[in-house]
> 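Have a look at this one before I ask anything.
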Amino acid sequence: QVQLVESGGGLVQTGGSLRLSCAASGRTFSGYTMGWFRQAPGKEREFVAAIRWSGGRTYYIDSVKGRFTISRDNAQNTVYLQMNSLKPEDTAVYYCAHGPYSNSYYYTNSYNYWGQGTQVTVSS
């Protein structure tokens, strides 16, 4: 079992920044992938970013490249999503996810465990 707890969401103006955290516990993370997804009202959950726990390779959806940075703290078993230059279209509930190594890191089905989500609202 893996437990994931997100924090750091909130309300911010366009152009502002937020840092999301995902604290993970319950299993060693070597060989796994951690991902961030988001879901806006009326839309499907979409991939945002992912990081390989071993090696630290990162992946991003095109719309956040250059604005968002995913990182990890191995000692704290925590994954972060630094979000800069936020736009109203970034408004969504953001979810942290944990799954085995997969080349399909952008699919929700590639992840077995999910956090409860944290709301990010960007006002115009």
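Only this structure's heavy atoms are used, side chains among them; waters, hydrogens and symmetry mates stay out. The chain is numbered in sequence order, starting from 1. These figures come from a predicted structure and were not determined experimentally.
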> Indicate the atoms forming the closest heavy-atom contact of T33 with A50, along with that distance.
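Minimum heavy-atom separation between T33 and A50: CG2-CB, 4.1 Å.
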> Which pairs count as salt bridge (charged side-chain N to carboxylate O under 4.0 Å, His left out) when at least one residue sits in residues 46-61, sequence neighbours excluded?
R38-E46
> Holding to side chain to side chain donor-acceptor pair (under 3.5 Å), I want the full list of residues that pass it with Q76, two or more places apart in sequence or in another chain.
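Result, side chain to side chain donor-acceptor pair (under 3.5 Å) vs Q76: none returned.
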> What pairs with V122 under side-chain contact (heavy atoms from CB on, under 4.5 Å), at least two apart in sequence or on another chain?
V12, T14, L86, P88, D90, T91, V120
> Taking side chain to side chain donor-acceptor pair (under 3.5 Å) as the definition, give me every residue that meets it alongside S71, ordered by chain and number, with sequence neighbours left out.
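Listed in chain order: nothing, the list is empty.
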> Identify the two heavy atoms, one from W36 and one from L20, that lie closest to each other, and give their separation to 0.1 Å.
CH2-CB, 3.6 Å
> Who pairs with K65 by side chain to side chain donor-acceptor pair (under 3.5 Å), at least two apart in sequence or on another chain?
D62
> If a pair satisfies disulfide bond (SG atoms under 2.5 Å apart) and one of its residues is in residues 92-124, list it, with sequence neighbours excluded.
C22-C96
> Partners of Q82 by side chain to side chain donor-acceptor pair (under 3.5 Å), sequence neighbours excluded?
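Partners of Q82 under the side chain to side chain donor-acceptor pair (under 3.5 Å) test: N84.
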> Taking the side chain as C-beta and beyond, is there a heavy-atom pair between Y94 and E6 under 4.5 Å?
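Answer no - side chains too far apart.
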> Kindly give the heavy-atom pair with the smallest separation between T118 and S7, and that separation in Å.
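Scanning both residues completely, I find the closest heavy atoms to be OG1-C, 4.4 Å.
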> Please, which pairs that meet salt bridge (charged side-chain N to carboxylate O under 4.0 Å, His left out) have at least one residue in residues 111-124, sequence neighbours excluded?
none
> State which residues pass side-chain contact (heavy atoms from CB on, under 4.5 Å) with A23; sequence neighbours excluded, sorted by chain then number.
T78
> Does a sphere of radius 6.0 Å around CD in Q116 hold more than 12 heavy atoms from other residues, nucleotides or ligands, not counting ones at 6.0 Å or beyond?
yes
> Can you list, pair by pair, the side-chain donor-acceptor contacts under 3.5 Å of residues 105-115, counting residues two or more places apart and other chains?
{"residue": "S110", "atom": "OG", "partner": "S104", "partner atom": "O", "Å": "2.6"}
{"residue": "Y111", "atom": "OH", "partner": "Y105", "partner atom": "O", "Å": "2.7"}

> Evaluate the side-chain contact (heavy atoms from CB on, under 4.5 Å) criterion for residues Y59 and I70: first the C-alpha distance (whole Å), next the side-chain angles of each, then the deciding distance (0.1 Å), finally the verdict.
CA-CA 8 Å; Y59 308 89; I70 188 171; over 6 Å; no
> If every non-hydrogen atom of S123 is compared with every non-hydrogen atom of L11, which pair is closest and at what distance?
CB-CD1, 4.3 Å
> Which pair of non-hydrogen atoms, one from I51 and one from G56, has the smallest distance, and what is that distance?
CG1-O, 3.7 Å
> Does the side chain of N103 come within less than 4.5 Å of Y101's, by heavy atoms?
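Counting from C-beta outward, Y101 and N103 do come under 4.5 Å.
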> Can you name the closest pair of heavy atoms from Y60 and T69 and give their distance?
OH-CA, 3.3 Å
> Quick check on the 6.0 Å ring-centre criterion: do F47 and F37 meet it?
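Between F37 and F47, which both carry aromatic rings, the centre distance is below 6.0 Å.
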> With a cut-off of under 6.0 Å to the ring centre and 45° to the axis, is R72 in cation-pi contact with Y80?
no
